Amino acid sequence: MRHALEFLQPYFLGPSAENAQVFEALLVELVRDHTFWRRNFHPEDGPSIRTSAEHTGSYVEFMDRMKTELYGLSAELKRAVPFFHPRYIGHMNADLLLPGLLAGMTTMLYNPNNVSEEAAPVTLDKELEVGRQLARMFGFSLDETSGPCAWGHLTSGGTVANYEALWNFRSVKFHGVALKAAAATQAFDPPDVGPRTKALSAYSTWELLNLPLSSIVDLRRAVARAYRAERGDGAFGAFAAAVRSERIESLGTAGFFMRHRDLKPPCLMVPASAHYSWEKAMKVLGFGTANLIKVDVDAHMRLDITSLRAALAEARAATVPVLGVVGVLGTTEFGTIDPIDEILSCREAFRADGGDFGIHVDAAWGGYLASMFRQPDGSMRPRDAMRERFEHFPSPQVYGAMAALAQVDSITVDPHKMGYVPYAAGAFVARDRRVVDFLTQKAAYVFDLGDSDQEVPMGQKLRNLGQYILEGSKSGAAAASVYVTHKVLPLHSEGFGHLLEQTVHACEYFYDRVLAMAKRLVDVAHVVVPFEPDANLVCLAINPRGNTDLAEMNRFGRELFADMKVDSTQPLQVKRFITSYTSLLRDNLPDAQAKRVVGEVAIDPASFCVDAGPRPGCADHVFILRHTLMNPWVLSERNGKNYIDRYLAYLEDRIRTLVGG
Ligand SMILES: *Cc1c(COP(=O)(O)O)cnc(C)c1O
């Protein structure tokens, strides 16, 4: 183990700030470089702050107040969560990679705003390059000359990236309907357009709602070309304005559906294990959470494909448009990975039946795992080659999901989670960058001219980033942080993937040792891993032997956890380990799964109920301990014991004490 960890030593500041000297030296050097830069911008101007200022009363007083506050803050921050330490195995957080930390701190001094190139001549390019780096990791094509070309950018986090996915899907989904309505207002009906080469008016609403992105792009161009051919370039502005005014973005959701009475409100399908940001997204875009369909999960806490098929068939039968299906690559609570490959097959079948929907992968947590699967030359690493490095990983399901990423429409990934860079850095990556033409009205107009001479090249358009994304002003420092990290540790198996391999090793080690611990505790408590880990997150359900009530099991779990949670009323140092917990909600589990999960810890399934009211001992959730094994040092040893051994010894001891007493 020790040897395997050696390569990691320069990566982080370290649990004991072992790399403090190099960190500080670099930081000082980079800060000085910044001050020289200031001085060399018109040095002839001379200073505005006088040397003697520091002797004035107001200067001294200000400095006094500032220092008091800063020292106070620094002191208070000692109550922050020690994410950097291998005794912390709670949330999706660990030490920060030095390159990203230093790049972010340095760039902050220059304060670039990545809303547009004008405010960020250096870092906006880096942000778009980060988009390409991530796209490459997922297997998207970056070829600008043929086929879909990917693009991506940073967001404040996974939440906003998820909003953006839905925003993108909406802009494409309803465009065809707006196009047809606008043409009707102009008494214009181009013949032989679109995938079925027929008159625009001959397309049914359902057909227009179920065109894939590439067909919508083509249809839009064909209609624009036909309009200009028939009515001349000069009249085209009126048509473009008519299309604009018919769009859902102009009319609003309510207005659009009032206009099209035959249309049913669209739905979005997510697994029951999806992050709560999807509910917020449905609220924000005005589609409503009632139209968020939660698809059942299977015994591995992965989206159940049979249930997805059933939900799609139901939507099809009721002519409810499906905005999209979301697969989660690394669920927040359990780290499990949905069968992305099978979601794609479902779409094939749905398309054969005249339907269509976008596929988004919420890989906020697990996206960076893709770096392990990508070889330096860009190809997928064969599963056999990967299997040699691990005991269980990657399962055929996980490998299948990873290999399928290249075909989905868009992906959310959080550099500030498994990318080990500071907040705020999420990312949205889309497989076909032409989607941006549906996002701004202004640029769309230019594009609508359909004249290649007048078309603004995509690369140039994206430099006005703020026009195509949800956010406005945004941190150039975050972009620099992610960019430099990816340059130092490229997103393939020999770079970033090598680091993440350690997290999977840690998880496999943890899993094996937990099974051994469960055996030792067999007379004391039931200790169960409710879902086998798909990568690097392990949950534990623990029930004292003899207890059959869920409420009592949850009480026991909370008592156990009380010693392992951050508690602002106590000094941090009294905590020997810090973990996290999650509640497995009855509401989110199909009956069979609910029964299995509690059955494994000998709980009476009747006490696991949606409504916890009916009898004492019932609960609507199962309390489980959650361990994120992303800290790079959990396998580092002292006296022959690594942090996982030490944690599990501690946990075993706590369980015995609590059950005994
Ligand atoms: C963390 C997470 C999110 C939200 O990301 P933020 O960066 O916290 O906004 C969304 N989806 C999944 C699966 C996540 O793990």
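Since this is a predicted model, take the numbers as computed values, not measurements. Numbering of ligands and ligand atoms starts at 1, following listing order.
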### Query
In order of chain and number, which residues sit within 4.0 Å of ligand 1 by heavy atom?
Gly157, Gly158, Thr159, Asn162, His275, Ser277, Val328, Gly330, Thr332, Asp362, Ala364, Trp365, Asp414, His416, Lys417
### Query
Between the side chains of Tyr647 and His627, is a donor N or O closer than 3.5 angstrom to an acceptor N or O?
yes
#### Entry: Closest contact, heavy atoms only, Thr253 versus Leu285
OG1-O, 3.5 Å
### Query
Is the distance between the ring centroids of His153 and Tyr468 less than 6.0 Å?
no
### Query
Of the non-hydrogen atoms in Tyr368 and Leu491, which two are nearest, and what is the gap between them?
CE2-CD2, 3.7 Å
### Message
If you take the centroid of each ring, where Trp contributes its six-membered ring, are Phe623 and Tyr581 closer together than 6.0 Å?
### Response
yes
### Query
According to the interplanar angle, ranging from 0 to 90°, do the rings of Phe357 and Phe350 count as parallel (below 30°), tilted (30 to 60°) or perpendicular (above 60°)?
tilted
